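Encoded as structure tokens, the structure appears first; notes follow it.
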Amino acid sequence: MVIADYGNHRIIQWKADDTNGQVVAGGHGQGNRWDQLDRPTDVLFDKETDSLIICDRRNQRVVRWSRRSGTTQGEILIDNIACYGLAMDDQRYLYISDNDKHEVRRYQIGDKNGTLVAGGNDKGAGLNQLNWPNYIFVDQQQTVYVSDRDNHRVMKWNKGAKEGIVVAGGQGEGNALTQLSYPQGLFVDTLGTIYVADMVNNRVMRWPKEAKQSTVIVGGNGQGEGANQFNYPVGLSFDRHGNLYVVDCENDRVQQFSDGGW
């Protein structure tokens, strides 16, 4: 497990059954040197180059750190970008959400400008707009799913589309099964089922494809630090065995939920 440790300005790796993690990027204090990070928000593993690609949020840059032993600093891939979320598709295109420009762009590695794939029409709630996009997910058809945080919805942008489709939430902020409140991390399975961290409602929701409402799969028991509770869940991922991992931000922990037939 590789975690963007936001407040400690580092990327940390935890292997199964470890009692301590290992710092694999940053960890030299808060700053903008090449061996430092400043409030990283997302990280992905690029198998092709055996490296980590990191959204170095406060430094407004996306950086790459080799995983080879002896690596002490990163290299800048893209700078001057208010990055928040990252994704990579099967063809190694990199997708980055920019919550200053309220857009998502797709980049070839080495490309500095990218191609607009979602939003980019100023801040707003129209179908061609986003409002503080954060986490993203890209499927095998290069469909882009975006947690449109301040619009309390998840948007789906098909490849080449000029506007998106609301696929979760979009009914205003709230805690009904048709609503979200500042959605964050998301995952989409091969059936098109959406799993989203519903941050302020302290729950993880499942939205079947084209469903009008969702079900709570974990959390939803109020804000707290119990094993069945969250305090602002933000990150979300699954492993190949179907186990669910949730970054429980204000509890400073990652929770694992064994495959519950989600």
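Any value given below was found using the heavy atoms of this structure, including those in side chains, with hydrogens, waters and symmetry copies removed. Residue indices begin at 1 and follow the sequence shown. Source: prediction; values computed, not measured.
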Is there a side-chain contact between [X] and [Y], using heavy atoms and a 4.5 Å cut-off?
{"X": "N175", "Y": "S181", "result": "no"}
{"X": "Y107", "Y": "I81", "result": "yes"}
{"X": "V204", "Y": "V196", "result": "no"}
{"X": "M199", "Y": "V234", "result": "yes"}
{"X": "I136", "Y": "W157", "result": "no"}
{"X": "Q36", "Y": "D56", "result": "no"}
{"X": "F45", "Y": "D50", "result": "yes"}
{"X": "L127", "Y": "M155", "result": "yes"}

Looking only at atom types and distance, does a side-chain atom of [X] sit under 3.5 Å from a main-chain N or O of [Y], one as donor and one as acceptor?
{"X": "K123", "Y": "Q129", "value": "no"}
{"X": "N201", "Y": "R203", "value": "no"}
{"X": "N158", "Y": "A161", "value": "no"}
{"X": "N202", "Y": "Y232", "value": "yes"}
{"X": "N59", "Y": "G31", "value": "yes"}
{"X": "H152", "Y": "G170", "value": "no"}
{"X": "T41", "Y": "Y84", "value": "yes"}
{"X": "N131", "Y": "A125", "value": "no"}
{"X": "D18", "Y": "G21", "value": "no"}
{"X": "S214", "Y": "L177", "value": "yes"}

- Lys/Arg N to Asp/Glu carboxylate O, R92 vs D46, below 4.0 Å: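 Salt bridge flag = yes for D46 with R92.
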
Under 4.5 Å between side-chain heavy atoms, counting indirect links through other Ile/Leu/Val/Met/Phe/Trp/Tyr residues: same cluster for [X] and [Y] or not?
{"X": "V104", "Y": "L86", "answer": "no"}
{"X": "V63", "Y": "I109", "answer": "no"}
{"X": "I12", "Y": "V2", "answer": "no"}
{"X": "V62", "Y": "L44", "answer": "yes"}
{"X": "L180", "Y": "V188", "answer": "yes"}

Residue pair [X] / [Y], side-chain donor-acceptor N/O under 3.5 Å:
{"X": "N221", "Y": "Q229", "result": "no"}
{"X": "Q171", "Y": "R153", "result": "no"}
{"X": "D89", "Y": "Q142", "result": "yes"}
{"X": "D42", "Y": "Y135", "result": "no"}

- Query: Looking at Y182, is R149 sitting on its ring face, NZ or CZ under 6.0 Å from the six-membered ring centre and within 45 degrees of the normal?
  - Reply: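 Checked: cation-pi criterion not met.
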
- Task: Please say whether more than 12 non-hydrogen atoms of neighbouring residues, nucleotides or ligands are located less than 6.0 Å from CD in E225.
- Result: no

Looking at [X] and [Y], what are the two nearest heavy atoms and their distance?
{"X": "K112", "Y": "L77", "answer": "NZ-O, 2.6 Å"}
{"X": "S147", "Y": "V154", "answer": "OG-CG2, 4.4 Å"}
{"X": "Q73", "Y": "T71", "answer": "O-CG2, 3.5 Å"}
{"X": "A197", "Y": "P233", "answer": "CB-O, 3.8 Å"}

- Message: Checking V43 against I3 for the side chain to side chain contact (heavy atoms under 4.5 Å, CB included) test, could you report, in this order, the C-alpha distance in whole Å, the side-chain angles of both residues, the deciding distance, and whether it holds?
- Response: CA-CA 7 Å; V43 56; I3 304 163; over 6 Å; no

- Kindly state whether the ring of F187 and the ring of Y145 have centres lying under 6.0 angstrom apart. no

